[in-house]
Colleague: 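The structure follows.
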There are 2 protein chains.
Amino acid sequence: MHVSDVLARVGGKWSILVIGTLGQGPLRFSELKRAVQGVSQRMLTLTLRGLERDGLIARTVTPSIPPRVDYALTDLGRSLLEPVAALGQWAIVHRAAVERARRLFDAQVPGAVQTP
Amino acid sequence: MHVSDVLARVGGKWSILVIGTLGQGPLRFSELKRAVQGVSQRMLTLTLRGLERDGLIARTVTPSIPPRVDYALTDLGRSLLEPVAALGQWAIVHRAAVERARRLFDAQVPGAVQTP
DNA sequence: CGGCATCCCTGGGGATACTG
DNA sequence: CAGTATCCCCAGGGATGCCG
């Protein structure tokens with residue numbers, strides 16, 4: 001397991017958002033799907049499986065009718081929440097700087113195509 | 001610019017490794033290619049362009065023969081180094097726990113195929 | 001409600017060859 | 001040395017439909 005492997009898991013478009021969302025408390029599948037806006041059912045399932053496999057979240061099934069499945073961060077998952085939140089903070093703080101740099105770069109390098 | 005956009009940039013398989021490597025000082029292209037072991041010339045170029053565009057690294061060309069191009073973190077890039085390093089630390093500290101969880105999960109869920 | 005399964009398509013990314 | 005250009009493959013991920 002290398003740094004890049006962590007990012008392979010975390011880098012998946014949705015993992016961070018799921019972890020961040022669960023950081024505020026356990027949720028069931030449908031709630032999670034609503035909270036993590038834009039995620040497809042398929043990707044949410046796959047993301048949850050991956051995170052569960054890595055021990056970052058716990059899946060609790062209540063065999064009622066209708067069935068109920070809750071997802072919550074494990075201790076391991078909560079520990080990841082910290083550095084992830086730091087990265088999120090960075091994004092918020094520096095978003096303007098990045099956007100400025102991007103516009104500048106795009107203006108100077110006419111050949112660069114970004115949003116065709 | 002959202003958190004997921006930062007991770008889109010950072011999430012690229014190589015960005016983190018490049019930033020981490022440049023954290024120890026400026027390097028030229030070929031040195032970087034050797035340091036970031038496993039990266040193809042193409043992906044290194046693309047990664048560097050992306051990071052440069054976002055103002056995270058600076059590209060300095062010395063028009064000599066043979067040409068020389070140095071890459072270094074900008075202040076913005078260095079600021080990103082912190083949360084990234086935190087994530088790297090997390091990976092190092094918890095790699096064993098993740099691997100254990102993964103083996104356990106794989107043992108309990110025989111149907112799961114991970115490394116065919 | 002909470003999922004697998006399936007189809008399909010985009011683009012991330014490797015290998016290779018050529019240029020200034 | 002430091003790229004750009006091309007070809008090509010396959011995993012990531014969306015849409016849809018079926019099941020316990």
Side-chain angles (χ1 to χ4, degrees), chain A residues 4-5 7-18 21-22 26-54 57-72 105 109-116, chain B residues 4-5 7-18 21-22 26-54 57-72 105 109-116:
Chain A
S4 48
D5 296 313
L7 290 152
R9 160 116 334 290
V10 154
K13 203 164 157 188
W14 304 109
S15 302
I16 292 283
L17 297 172
V18 167
T21 304
L22 288 179
L27 289 176
R28 45 195 303 190
F29 190 88
S30 50
E31 294 170 331
L32 210 44
K33 177 148 168 34
R34 243 168 289 128
V36 181
Q37 199 248 17
V39 70
S40 66
Q41 198 171 30
R42 170 191 156 80
M43 285 322 295
L44 183 54
T45 302
L46 289 180
T47 301
L48 288 170
R49 283 292 170 280
L51 294 174
E52 186 193 1
R53 182 160 107 97
D54 287 358
I57 65 176
R59 182 168 179 272
T60 311
V61 180
T62 308
S64 56
I65 295 182
R68 175 191 181 93
V69 181
D70 286 87
Y71 293 92
F105 186 90
V109 187
V113 181
Q114 284 77 25
T115 50
Chain B
S4 48
D5 296 314
L7 290 152
R9 163 115 333 288
V10 153
K13 204 165 157 189
W14 303 110
S15 302
I16 292 283
L17 295 173
V18 167
T21 304
L22 288 180
L27 289 176
R28 46 196 301 190
F29 189 87
S30 51
E31 295 170 332
L32 211 42
K33 177 149 170 31
R34 243 168 289 130
V36 182
Q37 201 248 18
V39 69
S40 65
Q41 199 171 28
R42 170 192 155 82
M43 286 320 295
L44 182 53
T45 303
L46 289 179
T47 301
L48 289 169
R49 283 292 171 283
L51 294 174
E52 185 193 0
R53 182 162 106 98
D54 287 358
I57 65 176
R59 182 169 179 271
T60 312
V61 180
T62 309
S64 56
I65 295 181
R68 175 191 182 96
V69 180
D70 286 87
Y71 293 92
F105 186 90
V109 187
V113 181
Q114 284 75 25
T115 51

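In the text below, chain A, chain B and the rest are named by the order of the sequence lines, each starting its count at 1.
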Colleague: Which pairs, with at least one residue in residues 61-72 of chain A and sequence neighbours excluded, count as a salt bridge (charged side-chain N to carboxylate O under 4.0 Å, His left out)?
Modeller: A/Arg68-A/Asp70
Colleague: Considering residues at least two apart in sequence or located in another chain, which fulfil the side-chain contact (heavy atoms from CB on, under 4.5 Å) criterion with B/Arg42?
Modeller: B/Ser40, B/Leu46
Colleague: Measure across A/Leu27 and A/Leu22 and return the closest heavy-atom pair with its distance rounded to 0.1 Å.
Modeller: N-CD2, 3.9 Å
Colleague: With heavy atoms of chain A within less than 4.0 Å as the criterion, where does contact along DNA chain C begin and end?
Modeller: C/dC1 to C/dT6
Colleague: Pair up each side-chain donor or acceptor in residues 31-39 of chain B with any protein partner under 3.5 Å, not counting sequence neighbours, and list the distances.
Modeller:
residue : atom : partner : partner atom : Å
B/Glu31 : OE1  : B/Arg28 : N            : 2.8
B/Lys33 : NZ   : B/Val39 : O            : 3.2

Colleague: With heavy-atom distances below 4.5 Å as the criterion, would you say the side chains of A/Ser15 and A/Leu51 are in contact?
Modeller: yes
Colleague: May I ask you to list the residues of residues 29-42 of chain A, by number, that have any heavy atom positioned under 4.0 Å from an atom of DNA chain C?
Modeller: A/Phe29, A/Ser30, A/Gln41, A/Arg42
Colleague: Note down the inter-axis angle between the two ends of the helix from C/dC1-D/dG20 to C/dG20-D/dC1, five pairs each, to the nearest 10°.
Modeller: 40°
Colleague: Check whether any side-chain heavy atom of B/Thr45 lies under 4.5 Å from a side-chain heavy atom of B/Phe29, and answer yes or no.
Modeller: yes
Colleague: For B/Arg59, check side-chain hydrogen bond (donor to acceptor under 3.5 Å, both in side chains) against everything at least two apart and list the hits.
Modeller: B/Tyr71
Colleague: Could you measure the distance from the CG atom of A/Asp54 to the CZ atom of A/Arg49? Nearest 0.5 Å is fine.
Modeller: 13.0 Å
Colleague: Nearest 0.5 angstrom please: B/Leu17 CG to B/Leu44 CG, how far?
Modeller: 11.0 Å
Colleague: Walk along DNA chain D from 5' to 3' and tell me the first and last nucleotide with an atom closer than 4.0 Å to a non-hydrogen atom of chain B.
Modeller: D/dC1 to D/dT6
